[in-house]
Amino acid sequence: ADSDWSSGEIESTSEEISLRATVMRQSLMPLTDDRQHIKIRGRRYTAPPLTSTCSVVCQSYSEDNNTGGKKLKNDRLANTTSFITALVAFAERRVIKMPFTLKITRKGFFTKRTIDIGEMLENCKFKFGTYNDFYVLDEGKHQNNSCILYNPQHIGRGIYFDGNNDALVEMSINTPTSQYEIEDFFALAKEICRQYKSFDILNVEDNKKFSLEELLGIKDDFIKFNYDELQKGIEKSGFGENAWIMTATMWPIWIDKQMCNDLRESKDLSVFSQLLHDKQNMDTYYAKPSLMRNEVDNSILAIYTLTEDCLSIFPMDFNDFISASNPQNPIRADKGMIRFFIFSENRPLDGMWDYEEFIKYVMERGATKYDDAHILIPEYNKADIEEMTNSILRHA
């Protein structure tokens, strides 16, 4: 039931660039809506608005969607392939779309059984959320009973769930994914069937019907299929020479050469399962840019924010992000900038600084590799940030 869910919706990913937000420094206009909330460690604040002198939005925010903009249609979240993409690509990186989708339909003309979503979440030990425009999960949100489900004890690549229709549930899983998530997926199907009592099961990709017994009987073969697909993917990536961008539950993961080597040597999905969980089971912020257009020369600026005392994952290249509206041909920024938010004082620092200089600075002072394209930046206090801005970074 809706009362068992946290409220929230996901923002539209319209193909047309939105220029809705406030003007930044007179010549810059936003390509993304900057009306946001700050949400760090369970606390929620209103973010400072964009102004002509400062336009810092604290990281770990959740989108404020009460903006009157269009919302995604509830048509498998406006096409399942917008996020059910096994290996999302940009530039020279490749695309493989391999979902496994089930439609479970309630049978019986007179029956009015509906899915108790709260009971389903409890029985399957799931949490849920929806993706924002950068494939980063906004936890605790759903869109008309459509969302991404995951088990926090073994986080994988996310199970898409659409329960908007009382008489039909649609659910999809990425391949390859972890063995634990495959087991969760089949457990979810079993729970849906238990609640409907009388049902039909259809695999969408092959247009094949299953009984529940038949469906559960293919689980071991499906696990083997996922392992085979993982090994094929490793080989097609040149064994890590051409990095994958793999959508996962919490955020995308850039699979690097070392990861490929470890996965290649594994005889089952155990290493892959552990990799997916370890890379996402972190109390950290995954950096997302605010995209702004310069009205003078039409150039695009990618602006990131580092917050005081917040462990963070940042891209080494400011263009290493995925655009949900067009993952194969995303917006490319001409310049990257960094800004800072002092969480203890709930205020931004005035100004912006060169992103490449920022990355050089933190890599010399404690940042470590996260994946093929990102680094893990340790917590910086106010004094650390002020030293960074005063002594190292080149002011924009």
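- Residues I313 and W251 come closest through the heavy atom pair CD1-CZ2, 3.9 Å.
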### Message
Would K103 and D200 count as a side chain to side chain contact (heavy atoms under 4.5 Å, CB included) here? Give the steps.
### Response
CA-CA 8 Å; K103 286 186 176 180; D200 286 321; over 6 Å; no
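- The shortest heavy-atom contact between E191 and C124 is CB-SG, 3.9 Å.
- Using modelled atom types, one side-chain atom of S237 and one backbone atom of I234 make a donor-acceptor pair closer than 3.5 Å.
- In this structure, the side chain of N203 does not engage the main chain of N207 through any donor-acceptor pair within 3.5 Å.
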#### Entry: Residues K209, E214; criterion salt bridge (charged side-chain N to carboxylate O under 4.0 Å, His left out); working and verdict
CA-CA 9 Å; K209 289 187 177 181; E214 289 171 337; over 6 Å; no
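- In this structure, CG on L275 lies 10.5 Å from OG on S178, to the nearest 0.5 angstrom.
- Looking at heavy atoms from C-beta onward, K288 lies out of side-chain contact with F321 at the 4.5 angstrom threshold.
- Counting heavy atoms from C-beta outward, I115 and R106 have side chains that stay 4.5 Å or more apart.
- When side chains are defined from C-beta on, L149 counts as touching M120, because their heavy atoms get closer than 4.5 Å.
- To the nearest 0.5 Å, atom CD1 of residue I223 and atom CD1 of residue I182 are 5.0 Å apart.
- A 6.0 Å sphere centred on CD of Q231 holds more than 12 heavy atoms belonging to other residues, nucleotides or ligands.
- Side-chain N/O atoms of E386 and N390 include no donor and acceptor closer than 3.5 Å.
- Within the 4.5 Å cutoff, the side chain of P176 has heavy atoms near those of the F272 side chain.
- Within the 4.5 Å cutoff, the side chain of C260 has heavy atoms near those of the I255 side chain.
- Residues passing the ring-ring contact (aromatic ring centres under 6.0 Å, His included) test with Y180, sequence neighbours excluded: H154.
- Remark: the N381 side chain and the E379 side chain contain no N/O donor-acceptor pair separated by less than 3.5 Å.
- Legend: residues meeting ring-ring contact (aromatic ring centres under 6.0 Å, His included) with Y355, ordered by chain and number and at least two apart, are Y304, F358.
- The minimum heavy-atom distance linking P315 with I359 is given by the pair O-CD1, 3.5 Å.
- Without hydrogens or angle criteria, W244 side chain to G233 main chain gives a donor-acceptor distance under 3.5 Å.
- Cluster annotation: I375 is connected to M246 through the hydrophobic network of ILVMFWY side chains, with a link wherever side-chain heavy atoms come within less than 4.5 Å.
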### Query
R157 and E181: salt bridge (charged side-chain N to carboxylate O under 4.0 Å, His left out), yes or no, with the steps?
CA-CA 8 Å; R157 300 188 60 199; E181 189 163 77; over 6 Å; no
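- Looking only at atom types and distance, the side chain of Q258 has a donor-acceptor partner in the side chain of D262 under 3.5 Å away.
- K369 and D256 are joined by a salt bridge, as a carboxylate oxygen and a charged side-chain nitrogen come within less than 4.0 angstrom of each other.
- A pairwise comparison of heavy atoms in P252 and Y135 identifies CD-O, 3.5 Å as the closest pair.
- Side-chain contact between I159 and F126: present, with at least one pair of heavy atoms (C-beta onward) separated by less than 4.5 Å.
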### Task
Carefully, step by step, assess K224 and D228 under the rule salt bridge (charged side-chain N to carboxylate O under 4.0 Å, His left out).
CA-CA 6 Å; K224 184 179 184 302; D228 292 341; 3.1 Å; yes
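- The residues K127 and E139 are annotated as not salt-bridged, no charged nitrogen and carboxylate oxygen being separated by less than 4.0 angstrom.
- Side-chain N/O atoms of S299 and D334 include no donor and acceptor closer than 3.5 Å.
- Interatomic distance, CD1 of I377 versus OG1 of T284, reported as 9.0 Å (0.5 Å rounding).
- To the nearest 0.5 angstrom, D320 atom CG is 4.5 Å from D317 atom CG.
- Although no hydrogens or angles enter the test, the distance criterion places a donor-acceptor pair under 3.5 Å between the side chain of R332 and the main chain of N319.
- Under the 3.5 Å distance criterion, the side-chain polar atoms of Q280 are matched with a main-chain donor or acceptor of T249.
- Here CE of M337 is found 13.0 Å from OG of S290. Values are rounded to the nearest 0.5 Å.
- The closest side-chain heavy-atom distance from K141 to F128 is not below 4.5 Å.
- Checked by atom type, the side-chain pair S270/Q179 shows no donor-acceptor distance below 3.5 Å.
- Between the E170 side chain and the T101 main chain, no donor and acceptor come within less than 3.5 Å of each other.
- Between the side chains of S146 and N144, no donor N or O sits under 3.5 Å from an acceptor N or O.
- Side-chain rings of W353 and F340 approach one another, their centers coming within less than 6.0 Å.
- In this structure, CG on L168 lies 9.5 Å from CG on N164, to the nearest 0.5 angstrom.
- Within the cation-pi definition used here (under 6.0 Å to the ring centroid, within 45° of the axis), R194 does not qualify as a partner of Y196.
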### Task
Could you check D354 against K335 for salt bridge (charged side-chain N to carboxylate O under 4.0 Å, His left out), going step by step and ending with a plain yes or no?
CA-CA 8 Å; D354 182 82; K335 178 72 174 176; 2.5 Å; yes
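- Checking each of F225, Y160, F222 against F100 for a ring-ring contact (aromatic ring centres under 6.0 Å, His included) leaves exactly one that passes, namely F222.
- Between the side chain of H142 and the backbone N or O of C147 there is no donor-acceptor pair closer than 3.5 Å.
- In terms of heavy-atom proximity, G336 sits nearest to L301 at N-CD1, 4.4 Å.
- Proximity of a side-chain donor or acceptor of Y370 to a complementary backbone N or O of S312 within less than 3.5 Å is not detected.
- Side-chain atoms of L137 and I148, non-hydrogen and from C-beta on, do get closer than 4.5 Å to each other.
- The pair E229-K232 meets the salt-bridge criterion, since a charged nitrogen lies less than 4.0 angstrom from a carboxylate oxygen.
- Remark: E345 CD is packed, more than 12 non-hydrogen atoms of other residues, nucleotides or ligands lying under 6.0 Å away.
- Without hydrogens or angle criteria, N226 side chain to T177 main chain gives a donor-acceptor distance under 3.5 Å.
- Taking the six-membered ring for Trp and thresholds of 30 and 60 degrees, Y286 and H374 have ring planes inclined between 30 and 60 degrees apart.
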### F161 and V169: CA distance, side-chain angles, deciding distance, side chain to side chain contact (heavy atoms under 4.5 Å, CB included) verdict
CA-CA 7 Å; F161 174 85; V169 165; 3.6 Å; yes
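- The heavy-atom pair separating L215 from F186 by the smallest distance is O-CE2, 3.1 Å.
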